[in-house]
Amino acid sequence: MPELPEVETTRRGIAPHVLGTAIEDILVRERRLRWPVPGKLRGALRGRCFDRIERRAKYLLFSAGPGCMILHLGMSGSLRVVTDNAAPGKHDHVDFVFASGRRLRFRDPRRFGSIHWTTADPAAHRLLKNLGPEPLGTGLTGDYLHARSRGRTQAVKNFIMDSRIVVGVGNIYASESLHAARIRPQRAAGRVSRADYERLADEIRAVLNAAIGKGGTTLRDFTSGVGEPGYFRTELRAYERAGEPCLACGARIRTIRLGQRSTFYCPNCQR
DNA sequence: ATGCGGACCTGTTAGC
DNA sequence: TGCTAACAGGTCCGCA
């Protein structure tokens, strides 16, 4: 489900409801996520407060006392703020019960998401330590992409979706930013010019920021932590528009498979 | 080091 | 209607 804008939208949506209220309990109904939910999570969090929620890549970092809960939504995960009397559904695997009478509910039908607990620096966690720069920070530049891509033969779309290169660019926004930058997704990363990478870096930022501004993209069932769908779907210019006219030139958008993922591009604009 | 395919899961939809 | 196959917003791991 979520790419960076959806994770960020979730973070902003839930923060006011989960910060500064005591965590009374954690109910784990299903611990078999991508990795097992740590048994020590309950003891570590009970009686404490979340005092900050940050995002690194698509991970949400919940600071609590001496440690940090690291949570990933995977492909189908969502976090929602619900009231105490809301009955859990089949895939509502974890509830964080707050003194305020609300709960933070983690749902994940496919169970590709995960929850971790660390008392060390979260940036040093094995899942975070090899991540590339944030796309909305200062680390993503045309020069950087250009330098990292020299000699690489893989498709530029796969290159920008590699979290060691840059984080947060998922399947939707990879197609969108390449379309905006007029770069064909299947081009070898090592053969993309510095000027093209300059545009691409700019467009990645622009697309992600625009999507955050619209509350993310709801394709099927994404909602923010408080139930609002994302409205960026109507702004998509390539993704899921196969056969429809390119909004820049009128040519028909094409779809191909790249790295087992659906990919959309304009054969005229993108070279 | 790089790049690829397989793996982890369930739900929905398209096609026969 | 029912069955099957393909596909879905992610990303880790192991192998060549």
Side-chain angles (χ1 to χ4, degrees), chain A residues 1-11 29-37 55-60 70-79 89-94 106-116 125-132 135 147-177 185-191 204 207-208 211-212 214-225 229-233 235-236 238-243 255-264:
Chain A
M1 168 208 292
E3 296 193 32
L4 186 147
E6 292 73 45
V7 177
E8 180 61 21
T9 297
T10 297
R11 187 187 72 79
R29 300 182 193 84
E30 172 60 83
R31 41 180 16 105
R32 294 173 306 165
L33 303 182
R34 175 154 195 190
W35 287 283
V37 177
R55 179 188 56 72
R56 170 70 173 119
K58 296 171 192 167
Y59 292 92
L60 288 171
I70 303 171
L71 187 150
H72 198 288
L73 296 173
M75 196 88 131
S76 59
S78 62
L79 285 170
K90 183 176 175 187
H91 302 294
D92 291 336
H93 304 314
V94 182
F106 177 72
R107 169 180 303 184
D108 189 3
R110 292 177 76 178
R111 291 194 271 123
F112 288 171
S114 60
I115 299 176
H116 315 263
H125 191 274
R126 69 177 190 97
L127 296 173
L128 305 191
K129 67 180 180 196
N130 293 319
L131 294 176
R148 291 294 303 265
S149 62
R150 290 312 87 183
R152 289 197 184 225
T153 56
Q154 76 176 155
V156 62
K157 176 175 179 253
N158 295 341
F159 174 71
I160 60 169
M161 289 179 69
D162 181 341
S163 62
R164 291 164 304 182
I165 302 302
V166 59
V167 301
V169 183
N171 201 40
I172 297 177
Y173 301 113
S175 279
E176 289 303 307
S177 53
Q186 57 271 55
R187 280 228 332 250
R191 300 233 193 98
I204 288 172
V207 166
L208 294 178
I212 292 169
K214 293 274 179 174
T217 298
T218 298
L219 288 181
R220 293 164 238 304
D221 54 6
F222 169 78
T223 61
S224 72
Y231 296 102
F232 195 70
R233 185 174 194 178
E235 317 274 319
L236 296 176
Y239 191 80
E240 284 197 330
R241 293 195 65 244
T255 179
I256 55 170
R257 305 282 299 173
L258 222 45
Q260 296 116 268
R261 312 297 298 276
S262 291
T263 304
F264 302 84

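Every chain is numbered from 1, with letters handed out A, B, ... down the list of sequences.
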**Request:** Return one dot-bracket line describing DNA chain B 5' to 3' (Watson-Crick or G-U wobble pairs, both distances under 3.5 Å; ( ) same strand, [ ] crossing, | another strand, . none).
**Result:** .|||||||.|||||||

**Ionic contact status for A:R233 with A:E240, cut-off 4.0 Å** = yes

**Item:** Pairing of A:K214 and A:E235 as salt bridge, 4.0 angstrom limit
**Value:** yes

**Asked** Using the ring of each side chain (for Trp, its six-membered ring), is A:Y173 parallel, tilted or perpendicular to A:F232, with breaks at 30° and 60°?
**Response** tilted

**Message:** Ring-plane angle category for A:H116 and A:W35, please: parallel below 30°, perpendicular beyond 60°, tilted otherwise.
**Reply:** tilted

So does [Y] get a backbone contact from the side chain of [X], meaning a donor-acceptor N/O pair under 3.5 Å?
X      : Y      : value
A:R111 : A:R32  : yes
A:T263 : A:R261 : yes
A:E176 : A:V207 : no
A:D162 : A:F159 : no

**Asked** How does protein contact run along nucleotides 5-10 of chain B, one letter per nucleotide 5' to 3', with B for base contact, S for sugar-phosphate only, - for none, heavy atoms under 4.0 Å?
**Response** SB-BBB

Touch check for [X], heavy atoms < 4.0 angstrom, all strands: base, sugar-phosphate only, or nothing?
X      : answer
A:R257 : sugar-phosphate
A:R164 : nothing
A:Y59  : sugar-phosphate

Under 4.0 Å between a side-chain N or O of [X] and OP1 or OP2 of [N]?
X      : N      : value
A:Q154 : B:dG3  : yes
A:R261 : C:dT11 : no
A:T153 : B:dG3  : yes
A:H72  : C:dG10 : no

Could you state the atom-to-atom distance from [atom1] of [X] to [atom2] of [N] in whole Å?
X      : N      : atom1 : atom2 : result
A:E240 : C:dG9  : CD    : P     : 8 Å
A:E6   : C:dG10 : CD    : P     : 8 Å
A:R148 : B:dT2  : CZ    : P     : 7 Å
A:Y239 : C:dG10 : OH    : C1'   : 12 Å
A:R152 : B:dA1  : CZ    : C1'   : 8 Å
A:K129 : C:dC12 : NZ    : C1'   : 13 Å
A:L131 : C:dC12 : CG    : C1'   : 12 Å
A:R150 : B:dT2  : CZ    : C1'   : 15 Å

What integer number of Å spans the [atom1] atoms of [N] and [M]?
N      : M      : atom1 : result
B:dG6  : C:dA6  : P     : 13 Å
C:dC12 : B:dG11 : P     : 24 Å
C:dT11 : B:dT12 : C1'   : 22 Å
C:dC7  : B:dG5  : P     : 15 Å

**Asked** Going by atom types only, do A:Y231 and A:T217 share a side-chain donor-acceptor pair under 3.5 Å?
**Response** no

**Request:** Calculate, to the nearest 0.5 Å, the distance between atoms NE2 and CG belonging to A:H91 and A:D108 respectively.
**Result:** 9.0 Å

